Engineer: 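Let me begin by handing over the structure; questions about it come next.
Heavy atoms only: backbone and side chains are in, while hydrogens, waters and symmetry mates are out. These figures come from a predicted structure and were not determined experimentally.
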Amino acid sequence: MLLALSANSFAAALPNGYEEIKWGTLFHKIMEVYPKGKMTEYNKEMVYTQENPDETIASRMFAFKEGLLTSVSVTFESRYVMKTGVDKMLQKYIKQFGKGKQGPKSSHMSTYVWENKQTRISFLYVPKRADMTVLQFEKK
């Protein structure tokens with residue numbers, strides 16, 4: 001039992017936001033920290049998107065409500081997913097965030113979820129569609 005407790009103690013607590021950015025951060029700060037994106041409007045809310053910010057990410061989308069950060073969606077580059085493998089990616093996030101839970105099973109998409117009082121993180125993937133592998137961070 002002590003071994004199980006110590007194994008879980010290495011996993012970091014879930015972030016209260018995305019990376020070092022807290023939920024509720026003003027969009028101007030996001031644009032400073034994550035430059036070279038485009039601001040658009042979707043369903044009357046602001047969305048800031050970076051296309052191909054690095055070799056592992058196809059797009060990173062920040063969503064805001066009343067100008068404050070509420071979610072971040074990271075869609076992975078398909079070449080990165082195929083090279084790394086979905087199982088290895090999932091194990092990386094389990095190591096980082098701790099044990100989560102398998103989301104509802106579907107014939108199209110698989111989901112693994114971590115959550116606490118402030119944040120819900122979902123790892124979503126579609127078998128045989130590497131371009132549809134997403135890590136979603138949401139303010140609860």
Side-chain angles (χ1 to χ4, degrees):
M1 183 164 162
L2 184 58
L3 181 60
L5 289 173
S6 65
N8 282 336
S9 69
F10 291 110
L14 295 185
N16 183 16
Y18 172 72
E19 295 185 340
E20 301 298 318
I21 303 293
K22 303 276 187 227
W23 299 128
T25 299
L26 287 167
F27 70 92
H28 295 296
K29 177 70 174 171
I30 304 301
M31 295 170 80
E32 286 175 20
V33 175
Y34 300 94
K36 299 180 184 172
K38 288 185 180 179
M39 186 67 78
T40 57
E41 189 177 308
Y42 179 75
N43 287 339
K44 299 183 182 181
E45 297 294 341
M46 296 184 328
V47 175
Y48 179 69
T49 306
Q50 287 184 305
E51 298 295 332
N52 301 73
D54 67 32
E55 65 278 351
T56 66
I57 298 174
S59 71
R60 181 169 29 214
M61 183 172 52
F62 299 86
F64 305 88
K65 185 170 185 164
E66 298 175 5
L68 305 175
L69 182 65
T70 58
S71 71
V72 180
S73 180
V74 177
T75 302
F76 293 96
E77 181 63 48
S78 60
R79 288 181 301 253
Y80 169 73
V81 175
M82 289 186 295
K83 181 180 176 185
T84 305
V86 170
D87 290 334
K88 191 172 180 181
M89 291 174 70
L90 177 58
Q91 290 308 311
K92 172 186 169 186
Y93 297 119
I94 289 172
K95 186 175 181 181
Q96 183 176 354
F97 303 128
K99 185 178 177 188
K101 61 183 177 183
Q102 186 73 43
K105 288 281 188 182
S106 142
S107 60
H108 307 356
M109 181 175 285
S110 295
T111 308
Y112 198 86
V113 178
W114 300 266
E115 58 187 319
N116 62 19
K117 291 180 181 180
Q118 298 91 13
T119 303
R120 176 184 173 96
I121 301 172
S122 304
F123 180 69
L124 308 110
Y125 58 97
V126 176
K128 299 181 182 179
R129 288 292 310 266
D131 62 319
M132 297 182 73
T133 304
V134 177
L135 191 60
Q136 175 77 37
F137 296 77
E138 302 170 89
K139 179 182 186 288
K140 288 175 75 176

Engineer: Strictly distance-based, threshold 3.5 Å: is any side-chain N or O of Asp54 a donor or acceptor partner for the main-chain N or O of Thr56?
Structural biologist: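 Judged by distance alone, yes, a pair lies under 3.5 Å.
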Engineer: Tell me, with the steps shown, if Phe62 and Tyr18 meet side chain to side chain contact (heavy atoms under 4.5 Å, CB included).
Structural biologist: CA-CA 10 Å; Phe62 299 86; Tyr18 172 72; 4.0 Å; yes
Engineer: Please report the shortest heavy-atom distance between Glu45 and Phe64, naming the atom on each side.
Structural biologist: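 For Glu45 and Phe64, the tightest heavy-atom pair comes out as OE1-O, 3.0 Å.
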Engineer: Between Glu115 and Lys101, does at least one N-O distance fall below 4.0 Å, as a salt bridge requires?
Structural biologist: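 Between Lys101 and Glu115 there is a salt bridge, with a charged N closer than 4.0 Å to a carboxylate O.
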Engineer: Are Thr70 and Glu138 close enough, and set up right, to give a side chain to side chain contact (heavy atoms under 4.5 Å, CB included), and what steps lead you there?
Structural biologist: CA-CA 6 Å; Thr70 58; Glu138 302 170 89; over 6 Å; no
Engineer: Give the C-alpha distance, both sets of side-chain angles, the deciding distance and a yes or no for side chain to side chain contact (heavy atoms under 4.5 Å, CB included) between Thr84 and Tyr80.
Structural biologist: CA-CA 6 Å; Thr84 305; Tyr80 169 73; 3.2 Å; yes
Engineer: Could you check whether any side-chain heavy atom of Met31 comes within less than 4.5 Å of a side-chain heavy atom of Met39, counting everything from C-beta outward?
Structural biologist: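 A side-chain contact under 4.5 Å exists here.
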Engineer: What distance do Lys44 atom NZ and Lys65 atom NZ have between them, rounded to the nearest 0.5 Å?
Structural biologist: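 That separation rounds to 13.0 Å.
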Engineer: Does CD belonging to Glu66 count more than 12 external heavy atoms closer than 6.0 Å?
Structural biologist: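 Incorrect, the count does not exceed 12.
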Engineer: Could you grab the distance from atom CD of Gln96 to atom CG of Leu14, nearest 0.5 Å is fine?
Structural biologist: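 Taking CD in Gln96 and CG in Leu14, the distance rounds to 9.5 Å.
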Engineer: Grab the two heavy atoms, one from Tyr112 and one from Trp114, that are nearest each other, plus how far apart they are.
Structural biologist: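 That would be CD2-CZ2, 3.3 Å.
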Engineer: With no hydrogens and no angle check, is any side-chain donor or acceptor of Lys139 less than 3.5 Å from a backbone partner on Leu69?
Structural biologist: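 Not confirmed, Lys139 side chain does not pair with Leu69 backbone.
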Engineer: Once rounded to the nearest 0.5 Å, what's the spacing between atom CD of Gln136 and atom OG1 of Thr111?
Structural biologist: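 So the CD of Gln136 and the OG1 of Thr111 are separated by 11.0 Å.
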Engineer: I'd like to know whether NZ of Lys117 has more than 12 heavy-atom contacts from other residues, nucleotides or ligands below 6.0 angstrom.
Structural biologist: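 At most 12 heavy atoms, drawn from other residues, nucleotides or ligands, come within 6.0 Å of this atom.
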Engineer: Say whether Val86 and Met132 are linked into one hydrophobic cluster, either directly or through other cluster members, by side-chain heavy-atom distances under 4.5 angstrom.
Structural biologist: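 They do not share one cluster, since no chain of ILVMFWY contacts under 4.5 Å joins Val86 to Met132.
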Engineer: Step through the shown structure and confirm whether more than 12 heavy atoms of other residues, nucleotides or ligands are within 6.0 Å of CD on Glu19.
Structural biologist: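 Yes.
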Engineer: I need the Lys83 NZ to Glu55 CD distance, nearest 0.5 Å.
Structural biologist: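 The CD atom of Glu55 is 9.0 Å from NZ of Lys83, to the nearest 0.5 Å.
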Engineer: Quick check: closest heavy atoms across Tyr48 and Lys36, and the distance to 0.1 Å?
Structural biologist: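 Here Tyr48 and Lys36 meet closest at OH-N, 3.6 Å.
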Engineer: Aromatic rings Phe137 and Phe97: how do their planes relate, parallel, tilted or perpendicular, breaks at 30° and 60°?
Structural biologist: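 Rings of Phe137 and Phe97: perpendicular, as their planes differ by over 60°.
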Engineer: Any idea which heavy atoms bring Val113 and Ser122 closest together, and the distance?
Structural biologist: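 Closest pair (atom of Val113, atom of Ser122, distance): CG2-OG, 4.0 Å.
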Engineer: Check the hydrophobic clustering (I, L, V, M, F, W, Y; side-chain heavy atoms under 4.5 Å; chains of links allowed) and say if Val126 and Val74 are grouped together.
Structural biologist: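 No; tracing contacts between hydrophobic side chains, which count when under 4.5 Å, never links both residues.
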Engineer: Checking Ile57 against Asn52 for the side chain to side chain contact (heavy atoms under 4.5 Å, CB included) test, could you report, in this order, the C-alpha distance in whole Å, the side-chain angles of both residues, the deciding distance, and whether it holds?
Structural biologist: CA-CA 6 Å; Ile57 298 174; Asn52 301 73; over 6 Å; no
Engineer: Any donor-acceptor pair under 3.5 Å linking the side chain of Thr133 with the backbone of Ala130?
Structural biologist: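 A pair under 3.5 Å: yes.
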Engineer: If you group Ile, Leu, Val, Met, Phe, Trp and Tyr by side-chain heavy-atom gaps below 4.5 Å, do Val134 and Tyr125 land in one group?
Structural biologist: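 No, it is not one cluster - the side chains of Val134 and Tyr125 are not joined through contacts under 4.5 Å.
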Engineer: Any link between Val72 and Ile30 through a network of hydrophobic side chains (Ile, Leu, Val, Met, Phe, Trp, Tyr) touching at under 4.5 Å?
Structural biologist: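 Looking at the clustering, Ile30 is in the same group as Val72.
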Engineer: Any chain of hydrophobic side-chain contacts (each under 4.5 Å) joining Phe76 to Met61?
Structural biologist: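 Different hydrophobic clusters.
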Engineer: Measuring from Met109:CE to Arg129:CZ, what's the distance to the nearest 0.5 Å?
Structural biologist: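 It comes to 10.0 Å.
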Engineer: Between NZ of Lys128 and CE of Met82, what distance do you get to the nearest 0.5 Å?
Structural biologist: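 Lys128 NZ to Met82 CE: 14.0 Å, rounded to 0.5 Å.
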Engineer: What residues, two or more places apart in sequence or in another chain, satisfy ring pair (Phe, Tyr, Trp, His ring centres under 6.0 Å) together with Phe27?
Structural biologist: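 In terms of ring pair (Phe, Tyr, Trp, His ring centres under 6.0 Å), with neighbours along the sequence ignored, Phe27 is linked to no residue.
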Engineer: Which atom names give the shortest non-hydrogen contact between Ser59 and Thr49, and what distance separates them?
Structural biologist: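 Scanning both residues completely, I find the closest heavy atoms to be CB-CG2, 4.5 Å.
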Engineer: Quick check on the 6.0 Å ring-centre criterion: do Phe123 and Tyr93 meet it?
Structural biologist: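 Close enough - the centres of the two rings lie under 6.0 Å apart.
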Engineer: At their closest point, which heavy atom of Thr119 faces which heavy atom of Asn16, and how far apart are they?
Structural biologist: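 So the two residues come closest at OG1-CA, 3.6 Å.
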